Amino acid sequence: MIREIEENDFDGLLSLYMQLHDNPFPDKDDRVISIWNNILNDKNHHLIVADENGILVSSCVCVIIPNLTHEQRPYALIENVITNKNYRKKGYATACLNFAKEIALRENCYKMMLLTGSKSKDTLDFYEQAGYNKNDKTAFIQWL
């Protein structure tokens with residue numbers, strides 16, 4: 001089932017995120033819980049998950065960003081695309097990205113953007129098959 005995150009999904013999501021850039025599982029301190037609550041309560045922050053029998057197996061984030069150009073239409077930013085290594089190549093990430101696209105269309109976004117640090121041909125081909133292209137824009141990143 002593809003759906004938006006629920007409050008009780010914290011542990012499952014963070015367990016999944018441990019496979020994303022080898023993130024450690026954070027302490028559930030006040031700072032982390034505050035971030036979690038801010039995400040849950042932000043109408044423009046959509047955390048999408050694939051739930052397979054109570055296990056979160058894939059996820060992506062879709063943030064809707066208000067905008068004053070392009071007839072004041074917002075745009076969507078996709079981040080943190082991850083699928084559990086034991087569930088890959090089964091369509092879960094594609095389903096999460098399609099759910100994100102539905103949100104972006106519903107919110108009248110004029111574009112969706114996704115960045116990846118991967119140079120893997122399989123990953124790049126996956127994003128192209130999902131409808132993203134690498135030819136229209138050039139991305140620059142400044143790490144802080």
Side-chain angles (χ1 to χ4, degrees), residues 1-23 25-26 28 30-85 87-144:
M1 172 194 334
I2 309 301
R3 60 177 174 79
E4 290 205 48
I5 199 85
E6 297 171 355
E7 188 171 357
N8 63 348
D9 289 326
F10 180 86
D11 288 342
L13 179 68
L14 273 290
S15 293
L16 185 60
Y17 277 178
M18 290 174 68
Q19 294 183 35
L20 186 65
H21 310 299
D22 298 318
N23 284 305
F25 197 96
K28 287 186 189 176
D30 290 342
R31 182 183 67 84
V32 170
I33 297 303
S34 177
I35 293 168
W36 175 244
N37 287 327
N38 285 341
I39 290 169
L40 291 173
N41 293 313
D42 183 346
K43 69 178 184 68
N44 288 320
H45 199 132
H46 302 271
L47 223 159
I48 300 154
V49 294
D51 180 332
E52 183 67 31
N53 299 318
I55 299 170
L56 300 187
V57 299
S58 188
S59 181
C60 73
V61 172
C62 175
V63 179
I64 306 300
I65 302 169
N67 182 38
L68 290 172
T69 64
H70 293 272
E71 300 176 346
Q72 297 72 56
R73 293 175 63 193
Y75 56 93
L77 177 64
I78 305 300
E79 264 293 331
N80 297 338
V81 180
I82 181 69
T83 299
N84 180 303
K85 62 184 176 187
Y87 293 84
R88 292 186 181 154
K89 300 199 183 279
K90 297 182 179 184
Y92 292 112
T94 299
C96 287
L97 290 173
N98 287 339
F99 193 99
K101 184 176 181 179
E102 290 173 18
I103 291 169
L105 288 169
R106 182 184 74 220
E107 295 297 326
N108 196 32
C109 291
Y110 79 95
K111 70 177 177 182
M112 296 177 71
M113 295 186 298
L114 179 150
L115 299 170
T116 182
S118 176
K119 305 297 185 224
S120 161
K121 181 175 177 356
D122 287 344
T123 300
L124 300 178
D125 288 347
F126 165 74
Y127 288 129
E128 286 188 307
Q129 290 170 5
Y132 295 86
N133 78 69
K134 58 187 175 194
N135 301 317
D136 290 350
K137 298 263 185 173
T138 301
F140 291 90
I141 300 206
Q142 185 177 73
W143 298 105
L144 305 175

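Source: prediction; values computed, not measured. Heavy atoms only: backbone and side chains are in, while hydrogens, waters and symmetry mates are out.
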Please report the closest heavy-atom contact between S59 and V49, naming both atoms and the distance.
OG-CG1, 3.8 Å

Can you list every pair that meets ring pair (Phe, Tyr, Trp, His ring centres under 6.0 Å) and has a residue in residues 88-124, with sequence neighbours left out?
H70-Y110

Side chain to side chain contact (heavy atoms under 4.5 Å, CB included) against S34, all qualifying residues, sequence neighbours excluded
N38

Partner set under side chain to side chain contact (heavy atoms under 4.5 Å, CB included) for V61, not counting sequence neighbours
Y17, H45, L47, V63, E79, N80

Can you pull out every salt bridge (Lys or Arg N to Asp or Glu O under 4.0 Å) where at least one residue sits in residues 51-62? Sequence neighbours excluded, please.
R3-D51

Applying side-chain hydrogen bond (donor to acceptor under 3.5 Å, both in side chains) as the test, list every pair that has at least one member in residues 125-138; sequence neighbours left out.
K121-D125, N133-D136

Show the nearest heavy-atom pair for residues C96 and A50, with the distance to one decimal.
SG-N, 3.7 Å

Quick one: are P74 and I65 in side-chain contact, heavy atoms under 4.5 Å?
no

For L68, does the CG atom have more than 12 heavy-atom neighbours from other residues, nucleotides or ligands under 6.0 Å away?
no

Roughly how far, to the nearest 0.5 Å, is CD1 of I48 from SG of C62?
5.5 Å

Can you name the residues that form a side chain to side chain contact (heavy atoms under 4.5 Å, CB included) with L40, not counting sequence neighbours?
I5, E7, W36, N37

Under the rule for side chain to side chain donor-acceptor pair (under 3.5 Å), what residues qualify as partners of Y75, not counting sequence neighbours?
none

Identify the two heavy atoms, one from I78 and one from M112, that lie closest to each other, and give their separation to 0.1 Å.
CD1-CE, 3.4 Å

Kindly compute the distance separating CD1 (I82) from CG (L56), expressed to the nearest 0.5 Å.
12.5 Å

Partners passing salt bridge (Lys or Arg N to Asp or Glu O under 4.0 Å) against D11 (at least two apart in sequence or in another chain)
K28

Nearest non-hydrogen partners of V81 and C60, listed with the distance:
CG2-CB, 3.9 Å

Answer yes or no: is there a side-chain heavy-atom contact under 4.5 Å between M18 and L14?
no

Listed partners of E4 passing side chain to side chain donor-acceptor pair (under 3.5 Å), at least two apart
H46

List for me each residue that meets side chain to side chain donor-acceptor pair (under 3.5 Å) alongside K89, sequence neighbours excluded, and say none if there are none.
none

Can you sort out the partners of N84 under side chain to side chain contact (heavy atoms under 4.5 Å, CB included), two or more places apart, ordered by chain and number?
L16, Q19, N86, Y87

Holding to side chain to side chain donor-acceptor pair (under 3.5 Å), I want the full list of residues that pass it with S58, two or more places apart in sequence or in another chain.
T83

Rounding to 0.5 Å, atoms NZ (K111) and CG (N67) come to a distance of 8.0 Å

